[in-house]
**Q** 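Can you keep this structure in mind? I'll have questions shortly.
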Amino acid sequence: MKKQLSETYSKIYDAIKCIPYGKVATYGQIAEVAGLQGQARLVGYALFSLPEDMDIPWHRVINAKGEISGLPDPDWRNIQKGLLEAEDIQFNKDGRVDLKVYRW
DNA sequence: GCAGTGACTAGTA
DNA sequence: ATACTAGCCACTG
């Protein structure tokens, strides 16, 4: 088995997997747990490179504003919204998450 | 090995 | 309150 993914990414994915049901986490929180401590960009980059083979609840990952970032495809963004609603996570009018951010 | 890029954050205007 | 700019580190070409 090849590593394929760097340890940094693995930590990021692991941190995301640690997010419980019905909760969400910000890039900064994940970055902190992953050891990047402050570098939320790498978290976003890791998610962009996120292999579909991994069962990562990336939809629970949001930015500091409590919003879903990136994904130029509205369809993809809609999928994330559906997944979050399936997790009892609610959205506000502005499309922001109900700020049920998980505290490590 | 160098340069460019990136799903962010925080600070300033 | 919103909008824009600068900074940080890791991965890819």
Side-chain angles (χ1 to χ4, degrees):
Chain A
M1 292 291 280
K2 290 171 280 189
K3 284 196 172 179
Q4 290 187 343
L5 296 173
S6 299
E7 292 183 27
T8 308
Y9 277 34
S10 296
K11 285 183 177 180
I12 293 169
Y13 300 142
D14 187 43
I16 296 167
K17 285 190 287 188
C18 285
I19 303 171
Y21 174 93
K23 295 268 182 171
V24 294
T26 64
Y27 290 92
Q29 291 268 254
I30 295 164
E32 185 178 358
V33 176
L36 302 172
Q37 208 166 17
Q39 284 323 351
R41 294 188 146 188
L42 306 183
V43 179
Y45 195 46
L47 290 176
F48 186 74
S49 290
L50 175 62
E52 296 177 359
D53 294 359
M54 301 180 74
D55 293 330
I56 306 294
W58 58 272
H59 50 268
R60 292 181 190 160
V61 184
I62 55 175
N63 59 18
K65 300 172 204 162
E67 241 286 29
I68 303 169
S69 308
L71 293 177
D73 294 333
D75 292 340
W76 203 251
R77 197 177 63 184
N78 189 10
I79 292 168
Q80 182 170 17
K81 185 173 180 288
L83 290 169
L84 288 171
E85 288 182 341
E87 303 267 317
D88 288 339
I89 300 169
Q90 296 175 347
F91 277 79
N92 289 341
K93 294 179 183 176
D94 294 337
R96 289 183 185 167
V97 186
D98 197 8
L99 293 177
K100 291 181 178 177
V101 181
Y102 173 52
R103 292 208 170 190
W104 248 271

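Reminder, nothing fancy here: chain letters follow the sequence lines and each chain counts from 1.
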**Q** Going by the ring pair (Phe, Tyr, Trp, His ring centres under 6.0 Å) test, which pairs reach into residues 21-47 of chain A, not counting sequence neighbours?
**A** none
**Q** Which whole-number value in Å describes the distance from A:R96 CZ to C:dT2 C1'?
**A** 10 Å
**Q** Where along residues 59-69 of chain A does a heavy atom fall under 4.0 Å from DNA chain B?
**A** A:N63, A:A64, A:S69
**Q** Could you state the CD1-C1' distance from A:I16 to B:dA7, rounded to the nearest angstrom?
**A** 10 Å
**Q** Taking only residues two or more places apart in sequence or in another chain, which ones pass side-chain contact (heavy atoms from CB on, under 4.5 Å) with A:D98?
**A** A:Q90, A:N92, A:K100
**Q** With the sugar-phosphate defined as primed atoms, P, OP1 and OP2, and the base as all remaining atoms, what B/S/- string results for nucleotides 8-13 of chain C, 5' to 3', for protein heavy atoms under 4.0 Å?
**A** BBSBS-
**Q** The criterion is salt bridge (Lys or Arg N to Asp or Glu O under 4.0 Å); which residues satisfy it with A:K81, sequence neighbours excluded?
**A** A:E85
**Q** Which of residues 80-89 of chain A sit near DNA chain B, with a heavy atom under 4.0 Å from it?
**A** none
**Q** Search all heavy atoms of A:G28 against all heavy atoms of A:A40 and return the closest pair with its distance.
**A** N-CB, 3.9 Å
**Q** Listed by chain and number, what are the side-chain hydrogen bond (donor to acceptor under 3.5 Å, both in side chains) partners of A:S69, not counting sequence neighbours?
**A** A:N63
**Q** Can you pull out every ring pair (Phe, Tyr, Trp, His ring centres under 6.0 Å) where at least one residue sits in residues 79-104 of chain A? Sequence neighbours excluded, please.
**A** A:Y102-A:W104
**Q** Mind checking what makes side-chain hydrogen bond (donor to acceptor under 3.5 Å, both in side chains) contact with A:E87, not counting sequence neighbours?
**A** A:R60
**Q** What residues form a side-chain contact (heavy atoms from CB on, under 4.5 Å) with A:E32, not counting sequence neighbours?
**A** A:Q29, A:Q37
**Q** Who passes salt bridge (Lys or Arg N to Asp or Glu O under 4.0 Å) against A:E67, sequence neighbours left out?
**A** none
**Q** Holding to side-chain contact (heavy atoms from CB on, under 4.5 Å), I want the full list of residues that pass it with A:F48, two or more places apart in sequence or in another chain.
**A** none
